[in-house]
Number of protein chains: 2
Amino acid sequence: MSIPTSGSHLTASAGSRNEQTRRHNLSTLLTLVHHHGALSRAELTKLTGLNRSTIGALNTELAAAGFVFESAALESGTVGRPSPMVNPSAGIVALAINPDIDAIEVGAVGLGGKVLVRARRATDSVPTPDEALDIALELIEDVRAQLPDGVSVIGVGVAVPGLVETSTGMVTRAPHLGWQDVAWGEQLSDALGLPVQVGNDAAVAVVAVAVFGAGQGAADLMYLNGSASGIGGGVIAGGTRLVGANGFAGELGHTLVNSEGVDCYCGRTGCLETEVNLNRLQAAAEVAGISAADAVAQLGSPAPEPFESEVDREADVLAHGIANLISVFNPEAVVLGGFLGDLYGARQERIRAGVLADAFAPLGDNVRIERARLGDELLLVGAAELAFGPLLHDPSGWKAQA
Amino acid sequence: MSIPTSGSHLTASAGSRNEQTRRHNLSTLLTLVHHHGALSRAELTKLTGLNRSTIGALNTELAAAGFVFESAALESGTVGRPSPMVNPSAGIVALAINPDIDAIEVGAVGLGGKVLVRARRATDSVPTPDEALDIALELIEDVRAQLPDGVSVIGVGVAVPGLVETSTGMVTRAPHLGWQDVAWGEQLSDALGLPVQVGNDAAVAVVAVAVFGAGQGAADLMYLNGSASGIGGGVIAGGTRLVGANGFAGELGHTLVNSEGVDCYCGRTGCLETEVNLNRLQAAAEVAGISAADAVAQLGSPAPEPFESEVDREADVLAHGIANLISVFNPEAVVLGGFLGDLYGARQERIRAGVLADAFAPLGDNVRIERARLGDELLLVGAAELAFGPLLHDPSGWKAQA
DNA sequence: CTTCGTTTGTGGTCGAAACGAACATAACCT
DNA sequence: AGGTTATGTTCGTTTCGACCACAAACGAAG
């Protein structure tokens with residue numbers, strides 16, 4: 001027996017130069033510190049397998065560029081010379097924007113993934129692209145004004161509820177916003193003079209979950225988010241987000257869960273999102289004398305029929321759907337956000353048991369099911385991650401700007 | 001707007017040494033030549049982006065090790081000095097083994113993916129692990145005897161119809177063979193004194209499809225294979241095989257296609273494999289006066305009821321199932337093998353139309369649906385690829401043995 | 001309480017590995 | 001013969017690791 005080879009890329013192509021090694025190592029180091037938080041130099045040496053000298057040199061370069069700073073060692077209590085900590089610099093900031101149907105939200109996120117400043121403006125109606133752009137620019141001004149002196153904004157990440165062409169920043173189709181073929185990324189970039197990355201909100205969220213949220217550390221992860229507009233989601237497989245040939249992979253809301261179910265706008269019948277559905281939950285709540293607005297809050301406590309049975313039904317269908325997807329992806333963790341998280345909170349045992357009963361024998365046993373943790377910061381953190389991408393990928397290319 | 005970042009690994013960790021560059025480049029070159037076939041040095045230069053000098057040096061090293069050989073340039077008809085071709089050496093061979101319920105098959109596959117020699121022995125009953133091992137060893141002796149002098153066997157790849165622990169070569173559970181917790185890989189390795197890699201047959205097949213078969217060149221690919229024992233499959237996503245946390249991802253035969261369907265042994269109801277099923281097809285054939293053995297052959301030609309309707313039904317369900325999976329994976333190509341390939345051959349338009357009608361709007365349009373091409377060589381080529389893995393990953397590590 | 005050994009880790013210099021640039025040359029077409 | 005495309009070789013640059021000297025913590029012995 002020898003080296004296992006699974007997981008290697010089948011399509012080899014790009015050659016590697018000598019200087020790419022440096023780029024890769026700088027990227028690795030900065031990414032580690034950004035995702036994991038402060039790490040000692042000794043820990044970095046162990047994690048990367050690189051030589052102390054090399055770590056030292058790389059570190060000096062990152063510190064000189066202002067991306068990290070060193071601080072005194074923690075009081076460890078162990079023998080030996082203490083190793084200084086390498087911290088992500090909070091002076092490096094990404095702006096995150098989330099235009100949605102009822103509000104525009106903007107945040108400033110520091111390297112390390114902490115949200116430093118937030119601003120939100122509710123809108124009376126669904127904003128047009130131009131309105132959203134104007135509001136976003138105003139909010140950005142507010143946010144930047146609140147940032148301490150000396151921070152440098154390295155870019156902007158946008159999370160849009162719709163299909164996005166990531167390479168151009170074009171919003172191809174955002175049905176809930178009513179946007180179509182809008183070059184929002186380019187317009188924003190022109191107005192700000194900053195690089196802008198645009199992504200789908202679910203795709204952005206799953207990255208946040210994987211890097212800073214409940215899915216931290218899992219290389220294989222499913223994220224399902226329930227909102228008024230349906231169920232979105234995303235998948236991390238082998239440490240990489242599942243993208244698909246056209247960037248549309250991971251439409252988990254449209255997996256079949258009940259052939260006898262309700263017709264879905266996607267043209268099919270009995271999709272997960274038509275069967276596990278916030279509107280249906282709220283409708284049942286109102287019949288039971290609970291206001292639609294309180295439906296989610298009431299999930300935990302005993303409630304009159306038909307609300308109780310509807311909650312049970314949705315929990316069962318959700319479990320069935322998760323089990324179905326587990327046999328496809330064999331994930332390490334399943335993270336539930338939005339009202340799916342609330343549903344799970346209220347029917348944890350029922351859903352867990354349903355998944356175990358339904359999933360292919362060995363797969364269900366080891367799966368970690370969890371609620372999303374980052375709450376309303378999820379999209380901001382994820383969008384910022386989009387903006388941090390180029391920096392993390394090639395720190396040396398950014399030295400000039402810092 | 002700037003560099004797109006999708007597809008990058010979220011979990012950075014391993015540092016890169018200077019010598020890894022060489023390993024990576026050698027690997028890239030050898031993999032290109034192995035997968036793509038003979039390439040000129042100039043083409044290699046363009047594909048890898050490396051310097052001519054470097055390509056020359058790498059090439060010399062690979063040739064010295066005996067993995068490739070140079071030959072005269074093709075008569076191109078273009079101006080300029082002709083560039084010599086770099087060919088995969090057929091003197092480097094991997095052995096491939098496929099123990100199945102009714103036969104053991106062994107093949108010798110050369111670098112470049114060509115099957116050089118095959119041997120097969122049918123068994124009267126399902127072979128025990130020991131029986132299978134003995135037969136395999138005999139067949140291997142036959143095969144090696146037929147190989148020309150001077151070829152070197154670099155390893156063995158095994159495709160097993162069951163769950164496999166790839167790191168140890170342990171067959172955890174192979175229900176159709178009735179094997180459980182068999183250290184087949186280790187036994188084989190001990191008997192032969194060669195490195196042995198064991199993999200699941202579907203996983204192995206999808207790699208063959210992606211590298212040498214109908215899915216060639218597709219970075220996002222779904223493969224579905226129909227056999228008497230059900231529907232197996234695998235997924236290539238972003239150029240890598242979908243593995244999952246425990247190596248069990250891609251159980252595509254157990255996605256739900258009909259909640260009102262037949263109970264499946266997996267515990268659920270209406271799985272793709274219970275609804276699109278060879279036995280049901282054969283049963284319908286017999287009622288229609290066609291022998292079970294001829295059922296698949298009759299797929300193309302008009303046939304009496306109820307066979308005709310059963311074929312239509314299975315085609316429709318297959319289309320529905322494919323559409324469902326397309327919305328999850330957004331693949332570039334879908335490849336159908338076994339009787340699914342025959343079914344597609346007979347009902348191509350119907351299945352295509354069904355997929356288009358059912359799939360999420362933009363996703364179905366671009367998908368290439370194809371029949372598997374490598375036929376009964378598929379598993380051998382795939383298993384050999386398993387054996388080639390370590391060599392392709394690190395050619396310099398193998399120089400000594402050549 | 002001081003001292004000294006042990007442990008763990010940093011800093012700096014030097015050498016080795018690997019790739020790219022530049023120049024000279026070779027082979028093909030028109 | 002001239003233009004075009006490609007190879008081969010030498011030399012310089014980049015980058016990492018090995019090695020040696022030294023620093024900072026703990027703890028045991030005097």
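A note on names: the letters A, B, ... follow the listed sequences, proteins ahead of strands, and every chain is numbered from 1. Hydrogens, waters and symmetry mates play no part in the numbers below; they use all other heavy atoms, side chains included.
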Quickly work out the [X] [atom1] to [N] [atom2] distance and round it to whole Å.
X	N	atom1	atom2	result
B:Ile55	C:dA18	CD1	C1'	13 Å
B:Arg22	C:dA18	CZ	P	5 Å
A:Leu44	C:dG9	CG	P	12 Å
B:Leu50	D:dT7	CG	P	13 Å
B:Leu58	D:dG8	CG	P	13 Å
A:Glu43	C:dT10	CD	P	11 Å
A:Leu29	D:dT15	CG	P	15 Å
A:Arg52	C:dT13	CZ	C1'	16 Å

Any side-chain N or O of [X] less than 4.0 Å from the OP1 or OP2 oxygen of [N]?
X	N	result
B:Thr54	C:dG20	yes
B:Thr21	D:dT15	no
B:Arg41	D:dA6	no
A:Asn51	D:dA18	yes

Q | Nucleotide pairing, DNA chain D (Watson-Crick or G-U, distances under 3.5 Å), in dot-bracket with [ ] and | | A | ||||||||||||||||||||||||||||||
Q. With sequence neighbours excluded, what pairs up with A:Phe212 under the ring-ring contact (aromatic ring centres under 6.0 Å, His included) test?
A. A:His34, A:His35
Q. Where each residue is assigned the nucleotide of DNA chain D containing its nearest heavy atom, which of A:Arg23 and A:Ser53 is assigned the position nearer the 5′ end?
A. A:Arg23
Q. Can you tell if the side chain of A:Pro390 reaches within under 4.5 Å of the side chain of A:Gln197, non-hydrogen atoms only?
A. yes
Taking only N/O atoms, report every protein-nucleotides 25-28 of chain D pair under 3.5 Å with atom names and distance.
none

Q: Could you tell me whether B:Ser83 contacts a base, only the sugar-phosphate backbone, or nothing, with contacts defined as non-hydrogen atoms closer than 4.0 Å?
A: sugar-phosphate
Q: Please check if any side-chain donor atom of B:Thr28 sits under 3.5 Å from a side-chain acceptor atom of B:Thr48, or the reverse.
A: no
